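These notes are about the structure you will find just below.
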There are 2 protein chains.
Amino acid sequence: MIGRQEADSIERRSGVSLWRQIADRILQAIATGDFAENAALPPEVVLAERYGVNRHTVRSAISALVQEGVLRAEQGRGTFVLSRKRLSYPIGTRTRFSTGLQSQTSERHIVLLSSSVEPASQRVAEGLGLARGTEVIRLETRGEADGRPVSRAAGWFEARRFAGIDRAMAETGSITASLARFGIDDYLRQSTVLSARHADAADLADLDLQPGAIVLVTVAVNVTPDGEPLQFSETRFSAERVELRLSAL
Amino acid sequence: MIGRQEADSIERRSGVSLWRQIADRILQAIATGDFAENAALPPEVVLAERYGVNRHTVRSAISALVQEGVLRAEQGRGTFVLSRKRLSYPIGTRTRFSTGLQSQTSERHIVLLSSSVEPASQRVAEGLGLARGTEVIRLETRGEADGRPVSRAAGWFEARRFAGIDRAMAETGSITASLARFGIDDYLRQSTVLSARHADAADLADLDLQPGAIVLVTVAVNVTPDGEPLQFSETRFSAERVELRLSAL
DNA sequence: TATAGTTGTCTATATCAATAGACAAATTTA
DNA sequence: TAAATTTGTCTATTGATATAGACAACTATA
């Protein structure tokens with residue numbers, strides 16, 4: 001990389017405190033592998049000079065990350081990296097939570113948080129090709145890998161056709177397995193729209209994030225091989241824990 | 001949507017000032033179309049109550065957005081939305097800047113900012129299937145639509161094979177047209193990895209963003225239909241101006 | 001032409017964020 | 001063991017952030 005010197009500088013009077021900007025930088029460095037797992041961070045004085053701030057400001061950043069479980073500080077020894085690189089979550093025509101992360105994690109599963117029946121909103125109705133107001137089942141789920149939450153999703157299914165999918169989901173912990181109970185043995189991703197924003201209060205709680213964190217948001221429609229809409233979903237990924245790999249679509 | 005009441009609340013002591021969080025919310029609302037273009041924002045007192053902060057705090061947020069050219073405030077009348085919804089940028093096997101945004105913009109083009117020859121870094125070499133250190137040409141470009149910067153990209157090409165592609169790029173303003181001069185009349189996107197982070201100082205300058213803004217980052221490899229690597233690229237999109245639509249090819 | 005509704009400006013106060021310096025406490029190294 | 005290195009704690013000061021209240025200036029409308 002060239003000309004990245006000044007990019008290491010920090011924005012003042014930006015509404016984002018310096019300690020949080022520095023915490024972000026450190027997270028970023030860990031996520032991209034610049035700070036290896038278990039390795040010691042440069043000493044506080046060095047970081048302070050690198051970012052052009054006071055040592056105490058660096059300490060604020062570090063203490064936030066210690067709180068967050070990303071770093072461990074040991075008096076007299078140094079500060080060490082606990083967390084690992086980002087998971088790489090594949091998105092393609094055959095997107096499946098568990099299989100996608102299989103090779104990168106020792107354990108992953110989906111937890112059903114809640115379910116409800118509601119009239120389809122405009123966008124849900126559009127996505128599923130239903131009339132607005134048609135009853136749909138809404139499943140709120142969280143995806144976890146190696147004990148850490150990585151994604152939070154809301155999925156909508158036509159209520160009439162998929163009555164009981166909430167129970168299936170609770171029992172199997174898998175969308176794929178749940179759909180199989182309704183005779184769907186294959187489904188494809190028809191469309192995905194992707195955006196990013198700051199995590200809101202709900203995201204922070206659901207994904208166990210700190211304020212100021214970023215979430216990647218996908219809005220997708222899954223269909224049968226024939227093109228019949230099955231599921232409309234909105235998923236939020238923690239941008240600091242996962243990256244999305246667009247596999248041959 | 002259900003249960004979004006509390007999500008409207010704001011995080012204190014988060015390292016992100018309240019006025020900036022509120023500015024983000026308003027931007028978000030505009031981007032998703034919740035606040036229509038040219039429409040009046042709710043009065044300051046109402047916003048203050050909605051977000052649970054003082055009116056002066058809301059005013060700070062609004063004044064930042066006025067500065068940014070997103071809002072226009074008129075004493076006695078109200079505050080009005082100037083900017084429009086996010087552009088939807090398609091990503092698929094045939095991803096082309098200009099064609100992708102054609103229907104949504106009246107004008108778009110790519111500006112060549114700089115070019116240089118350098119030895120391939122680890123990741124560039126891997127992406128292009130070259131030995132590390134092989135000479136590559138690096139093109140720095142900015143994509144603009146309707147006069148606003150939407151993306152900032154670095155692209156790497158094998159220097160030996162694509163000598164002069166910088167000139168071609170400067171003249172044509174198009175990757176597709178430049179590659180055509182080297183006998184490449186079609187190319188496909190082989191892989192794309194997507195992540196999100198806060199904009200750094202370089203992003204802020206290049207994309208004309210405000211501190212605290214978010215960028216979507218894609219790292220991609222383009223290949224010939226035969227699978228021969230042509231281009232390795234890293235692109236940063238302003239998350240408040242574009243969303244990425246993953247198109248099935 | 002009042003009146004209500006809205007943005008703009010001013011003063012004051014309290015808390016958070018950042019800098020500065022000094023030294024304690026723990027660990028590693030010479 | 002002594003010295004060097006590193007994190008932890010304390011005090012003090014400055015500027016940015018947030019709250020509070022009052023009122024001016026401007027616009028639309030009854």
Side-chain angles (χ1 to χ4, degrees), chain A residues 8-26 35 38-82 198 201 210-212, chain B residues 8-26 35 38-82 198 201 210-212:
Chain A
D8 246 18
S9 72
I10 294 280
E11 300 294 319
R12 291 167 191 263
R13 287 181 212 86
S14 66
V16 183
S17 64
L18 300 188
W19 65 262
R20 177 138 295 285
Q21 293 185 57
I22 291 169
D24 281 343
R25 292 290 182 81
I26 295 174
F35 291 154
N38 295 322
L41 239 56
E44 295 168 350
V45 199
V46 174
L47 289 176
E49 187 171 9
R50 174 180 307 179
Y51 295 123
V53 300
N54 192 274
R55 180 185 156 222
H56 294 292
T57 307
V58 169
R59 281 181 60 73
S60 298
I62 289 177
S63 98
L65 294 177
V66 167
Q67 205 67 26
E68 209 170 322
V70 175
L71 300 175
R72 185 185 64 247
E74 294 182 31
Q75 183 168 356
R77 294 195 65 218
T79 304
F80 302 88
V81 178
L82 290 177
H198 282 117
Q210 295 303 112
Chain B
D8 247 17
S9 71
I10 295 281
E11 300 296 317
R12 289 166 193 265
R13 286 180 211 86
S14 65
V16 183
S17 64
L18 301 189
W19 65 263
R20 177 138 293 286
Q21 292 186 55
I22 290 168
D24 281 342
R25 292 294 181 81
I26 295 174
F35 291 154
N38 296 321
L41 239 59
E44 295 169 350
V45 198
V46 175
L47 289 175
E49 186 171 10
R50 175 182 307 178
Y51 296 123
V53 301
N54 192 275
R55 181 187 154 221
H56 294 293
T57 307
V58 168
R59 281 181 61 74
S60 298
I62 288 176
S63 97
L65 294 177
V66 167
Q67 205 68 27
E68 210 169 322
V70 175
L71 300 177
R72 184 185 67 246
E74 293 182 30
Q75 185 169 355
R77 294 195 64 219
T79 304
F80 302 87
V81 178
L82 290 177
H198 282 117
Q210 296 303 112

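Worth saying up front: this structure is predicted, and the values here are computed from it rather than measured. Labels below follow one simple rule: chain letters A, B, ... track the order of the sequence lines, proteins then strands, and each chain is numbered from 1. For the numbers below, each heavy atom of this structure counts, side chains included, while hydrogens, waters and symmetry mates do not.
Here Ser60(B) pairs with Trp19(B) under the side chain to side chain contact (heavy atoms under 4.5 Å, CB included) rule; sequence neighbours left out. Judged as a side chain to side chain contact (heavy atoms under 4.5 Å, CB included), and not counting sequence neighbours, the contacts of Pro42(A) are Phe35(A), Val46(A), Leu47(A), Arg50(A). Not counting sequence neighbours, Glu49(A) has no partner by the side chain to side chain donor-acceptor pair (under 3.5 Å) test.
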Discussion item. How would you summarise protein contacts on nucleotides 21-26 of chain C per nucleotide, using B for base, S for sugar-phosphate only and - for none, with heavy-atom distances below 4.0 Å?
Written reply: B---BB

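Annotation: salt bridge (charged side-chain N to carboxylate O under 4.0 Å, His left out) contacts involving residues 51-64 of chain B, sequence neighbours excluded, comprise Glu44(B)-Arg55(B), Glu44(B)-Arg59(B).
The CZ-P distance, from Arg72(B) to dT6(C), rounds to 17 Å in whole Å. At whole-Å resolution of the value, OH in Tyr51(A) and C1' in dT19(C) are 19 Å apart. We find that CD of Glu49(A) is positioned 16 Å from C1' of dT5(D), with the value rounded to whole Å. Between Leu71(B) atom CG and dG8(C) atom P there is a gap of 11 Å when expressed in whole angstrom units. Counting to the nearest Å, the P atom of dG15(D) and the CH2 atom of Trp19(A) are 22 Å from each other.
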Could you pull out every donor-acceptor pair under 3.5 Å between side chains of residues 71-78 of chain A and any protein atom, sequence neighbours left out?
{"unit_1": "Arg72(A)", "atom_1": "NE", "unit_2": "Glu74(A)", "atom_2": "OE2", "d": "2.9"}
{"unit_1": "Arg72(A)", "atom_1": "NH2", "unit_2": "Glu74(A)", "atom_2": "OE2", "d": "3.3"}
{"unit_1": "Glu74(A)", "atom_1": "OE1", "unit_2": "Arg77(A)", "atom_2": "NH1", "d": "2.9"}

Pairs under 3.5 Å (N/O, protein and nucleotides 1-3 of chain C):
none

Worksheet item: If you write DNA chain C from 5' to 3' in dot-bracket form, with Watson-Crick or G-U pairs under 3.5 Å, [ ] for crossing pairs and | for pairs with another strand, what do you get?
Response: ||||||||||||||||||||||||||||||

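With the nearest nucleotide of DNA chain C identified for both Gly52(A) and Glu74(A), Gly52(A) has the one nearer the 5' end.
A heavy atom closer than 4.0 Å to some atom of DNA chain D occurs in Thr57(B), these being the qualifying members of residues 57-67 of chain B. Looking at residues 38-46 of chain B, you'll see Pro43(B), Glu44(B) sit with a heavy atom under 4.0 Å from some atom of DNA chain C.
Asn54(A) has a side-chain polar atom (N or O) that falls below the 4.0 Å cut-off from OP1 or OP2 of dA20(C).
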